[in-house]
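Proteins come first, then strands; the chains are lettered A, B, ... in the order of their sequence lines, and each starts at number 1.
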Amino acid sequence: MERFAEVPDQYDPDTVEERVFDYWDEIDAYERTVEHRADGEDYFFVDGPPYTSGAAHMGTTWNKTLKDAYIRYLRMCGYDVTDRPGYDMHGLPIETKVEEQLDFENKKDIEAFGMENFIEECKSFAEEQLAGLQEDFESFGVWMDWEDPYRTVSPEYMEAAWWGFEQAHERGLVEQGMRSITQCPRCETAIAKNEVEYHQVEDPSIYVKFDLADREGSLVVWTTTPWTVPANTFVAVGGDVTYAKVRVERDGDEEVLYLASDVVEEVVQKGGYDGYTVESELSGEEMVGWGYDHPLADAVPDHPDFDGALQVYTADYVEVDRTGLVHSAPGHGEEDFQRGRELGLDIFCPVDGDGTYGDSAGRYAGSFVRDANEDIRADLDEKGLLLADETYVHDYGQCWRCDTDIVQIVTDQWFITVSDIKDELLENIDDSEWYPAEARDSRFRKFVENSPDWNVSRQRYWGIPIPIWTPEDWDGSMEEALVFGTREELAEAVDQDVDPDALDLHRPTVDDLTVTRDGTTYSRVPDVFDVWLDSSVASWGTLDYPSDGSRFDDLWPADLIMEAHDQTRGWFWSQLGMGTAALGEVPYEQVLMHGYANMPDGRGMSKSKGITVEPGEVIAQHGADPMRLFLLSRNPQGEDMRFSWEETEAMQRRLNILWNVFRFPLPYMRMDGFSPDGVSLADVRDDLETVDEWVLSRLQSVEAEMADHWAEFRQDRALDALLSFVVDDVSRFYVQAVRERMWKEEDDPSKTAAYATLYHVLREVTALLAPYAPLVAEEVYGNLTGEAGHPTVHMCDWPEADAGWRDDRLEEDVRRLREVEEAGAEARQQAERSLRWPVTRVVVVADDERTVDAVDRHRPLLRERLNAETIELVEPGEDWGEVTYSARADMSVLGPAFGGDAADVMNALNEAEVDEQSLGALERAVADATGMTVDLTDEMIEFETNTPPEVSGVEFGGGVVYVDTALTEAIEREGYAREVVRRLQEMRKALDLDIEAEVRVAIAVDDDRVATLVRDREGYIAEEVRVAGFVDDDELDTPHRERFEDVEGVALELAIEPVAAPPASD
RNA sequence: GGGCCAAUAGCUCAGUCAGGUAUGAGCGCUCGGCUGAUAACCGGGAGGUCACCGGUUCAAAUCCGGUUUGGCCCA
């Protein structure tokens, strides 16, 4: 890129993006930046892999933008950062999408289509989605190793999962066991509890009588799942709950019911009884051991009737609600299962994985459980056991992928028994730093404390096959099972001849492999891993460990991961669990936990509901850099963000200001052939003026502040500091202050010093901006440095504050001076005297010594900024002799206080003029005027300051600024000359003249006195406007003339003509 | 149903941990100014029941309890 080349007037994100993307390609900017840091200290960042089932939404975009910013920042700090992106490509969500595409209903369709074909379809679906995501990420400038992402479907990655699982197994943390699980009957697999979504459904609500075996009467239970009654094994009571023996009566028939005392009335009513009597009360404890008859004994001959079944037990899940007696089926409900286990009861589950009853369900065998509800109710009714039959609307779980109502059943599943290492998990938590810290200590810790064993098996196809081979007639002991951790181990062991390097670990390839030992044949268990296990091994999967052992020892564990807060129970947890199970350590050292991307109105985004803001649209509207700036300006620690179009647009405007600041000096530097390489800051140190020193000091302060914020993972605060420096300090103050120096034609050390200063500031700013807005930073940097800099701004070192340029006193001085200046500008405005016109004097009445020092040290600067001939300073405690104070009386207070004298006092007060702002002075003035001695209070009056005519004053934080706008001939001379200059400049501009082009000018002023004043300043006008000659109006035959009727009271006419022929307009 | 987090100007947010006048910030709006950075820039102004209810305190946006709304997680 050519140095100081001409740039467009306006920052246009689109063209900048286009150019920079091409440029990056052309010079291999990413590769060279990575190479540039190859010898740096290792920094192991691990990318949480997005799931490949859709385009990048705003949340993913925020996440990747944060990652990109931190990776760029760390690189600039010198680190050799691991930046391998990852993609999570297995799992049920993809299977169901493919099933939809292929119009499949259930597993049978898949089997008919062929498992291998189906898996191929899943693979190509995931590949397509990966390509789309990757394109999205690149579209907003994310630099990661796109050529070589880790993919959970690659043999190396799958092997990483196998290896981790094998390690866990070797620690004795793998077991098969029965568990009550949430099963999707359509997908025919267990799904994780966090994959269950809850919606309201209407279910049966039945009250059933369980006839007692050894005594009169029946237990009344309530359930919304009649289909679980066949599996009823016991009835649970609360040990401390009071139950009642109730004799009820209907149509002359009597019966005895047992239920909680508190609900007798309610249940009797539901049962439609005519009346009841409570015969006795007893505690739940007293009922323990009572036997009862299974209500569906005839229909389900295989029903539980083993030792200990069909009895009353206590359980802590009992609530006095409905009947206070809980139908318990350890073959279904999770709590029932746990209690059943505790009680040593056998587990009876007559329901298969597809939600239909098996043979053990007797009469109901073959029917779908929810369809069987009707029959069961009818059968219970027929036996007279249905006390009440209603419906009930409640939240019930559905499969997140296909919306099918889940069923709770007990099946054999594979587990990593993390509950065995809970203490270790909790200890390991402390080895990681979280930002924000509270997230770790509240939510995460609580979750880990309550985490159950991890069910890692799924009865599906598209996943990493579980690497367990079991012998025929396996007894369930893990010692008998074979677990393989690598392809090589497997290839060596199996009966078939396989090449480990060519082995695809997916089903069905591995399903056919068998192992024979001592005459026993081992075959693989058919399940695949829960997809959460895939990403849980990312910290070594990223390194292709164990198949490639070259980097693991140096890098592992991860230095940093960053994801949204939903990953607390997701990836943050799964990595802790897997890392601890396999390696005994938490696999990450720092966690940056950010929030969710919400809609501008605060609602969550939802693609299915069409409530989204699409990143692509934002980029099209405002550009990638402005979008990134917006995302990076949000607190990244735990808090959700609301997307804001307005704020994104504001970021675009701020970049435009930066763009203007950057292009402002270019024409001058070009014209003067300024060469930054030959002129360092140190070279011009002696020529620096106060504003230069100030802006350089501010730069150091900003750099120091930004460093602190970045270290605390608050890039948003660092960005604030940077942008307010650019907008407030550089654009609004520094550039304004140096404009005149840059306009100077001749060579001038002060001008060179300003060039060197601004150049330095801009170059550092581009580096500071690079992690945030990598595209525009590149463009600006390239233009500033040309061939002399790095090929890309992203190879720069992160600018560090240089104490040698820092001057806190000066910064504080200027801060105060800017307050004085603002007040002065306001005072001018009140006096209607524009800044173009000098004023004779500005008087600063200071309240404190610090302000005095600031003003005193920088009188010339303040004179220049306020266009004042002199600055007068009145120190604290001194009065400026030229103001007096008067009072405005408040009659509503004076009246009650002074009665009949009030009017006189008021007049005296209003007319008083005193030298100091005190009640005492006013009291004396009143005494002088009226002869009365009065006690005044603050409430009675309001002080007013009286300034001399033509002086106006405005208060500021450190005092009052007075501006004396009285005119003198010298001021008029200067003022009118500047009016003329300004108008001529405007006319030059309208002609589109080159900055250096010379003109001839005619000036006609309708007032002789003013005409003479202007003529006195022709030299100045000539210099400012590049006038080659002043001529009489009639000598100038030009269409470029303009008449101004009222310029500070006079009319004037200006004509202008370029000396050479005007340049062809382009 | 339970846990965690949030609610401050029209908008986006500081301030809340360590209670002490909201000179709150930027953007937007509005009035004025400037004019070789000019679709930029500068100044003035309007704009707040600090979500609601209650408590502690001389004093609460800030601490405590509850409610509402939103987000996430869990059931």
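When heavy atoms are screened at a 4.0 angstrom cut-off, Phe572(A) is found touching no nucleic acid atom at all. If you check every strand for non-hydrogen atoms under 4.0 Å, Gly638(A) touches nothing. Contacts of Arg717(A) with the nucleic acid, taken as non-hydrogen atoms under 4.0 Å apart, involve only primed sugar atoms and P, OP1 or OP2.
When rounded to the nearest whole Å, the span between CD of Glu449(A) and C1' of C4(B) equals 14 Å. Here C4(B) presents its P atom at 16 Å from CG of Asp640(A), a figure rounded to the nearest Å. Rounded to an integer number of Å, the gap from CD of Glu639(A) to C1' of U8(B) is 13 Å. Rounded to an integer number of Å, the gap from Arg653(A) CZ to G26(B) C1' is 10 Å. What separates CH2 of Trp434(A) from P of C4(B) is a distance of 16 Å, to the nearest Å. Distance Arg634(A) CZ to C11(B) P: 14 Å, rounded to the nearest Å. Put simply, CZ on Phe630(A) is 18 Å from P on G26(B), counting in whole angstrom units.
Taking atom P on both nucleotides, C29(B) is separated from G2(B) by 46 Å, rounded to a whole Å. With C1' as the reference atom, U30(B) and U16(B) are 33 Å apart, rounded to whole Å. For the C1' atom pair drawn from G66(B) and U56(B), the interatomic distance equals 15 Å after rounding to whole Å. Going from the C1' atom of G19(B) to that of A59(B) covers 8 Å, rounded to whole Å. When the C1' atom is used for both A9(B) and G28(B), the distance is 11 Å, rounded to whole Å.
No side-chain N or O of Asp716(A) forms a donor-acceptor pair with one of His709(A) less than 3.5 Å apart. For the residue pair Asp692(A)/Tyr734(A), the side-chain donor-acceptor check at 3.5 Å is satisfied.
A donor-acceptor contact under 3.5 Å is not formed by the side chain of Ser731(A) with the base of A40(B). Judged by atom type and distance alone, Glu647(A) reaches the base of G26(B) through a side-chain donor-acceptor pair under 3.5 Å.
Relative to the side chain of Asn660(A), the nucleotides A37(B), G3(B), A14(B) differ in distance, and A37(B) lies closest.
Arg440(A) forms no cation-pi arrangement with Phe572(A), by the criterion of a distance under 6.0 Å to the ring centre and an angle within 45° of the ring axis.
Remark: C4(B) base-pairs with G71(B). Criterion, Watson-Crick or G-U wobble with two distances under 3.5 Å. G24(B) is paired with C13(B) under the criterion used here, namely a Watson-Crick or G-U wobble arrangement in which both key atom distances are under 3.5 Å.
With Tyr772(A) as reference, Leu632(A) is the one residue of Leu723(A), Leu632(A), Leu655(A) to meet the side chain to side chain contact (heavy atoms under 4.5 Å, CB included) rule.
Both Lys446(A) and Glu986(A) lie near RNA chain B, and the one whose nearest nucleotide falls closer to the 5' end is Lys446(A).
Side-chain N or O atoms of Asn867(A) include none that pairs as donor or acceptor with a backbone N or O of Val839(A) at under 3.5 Å.
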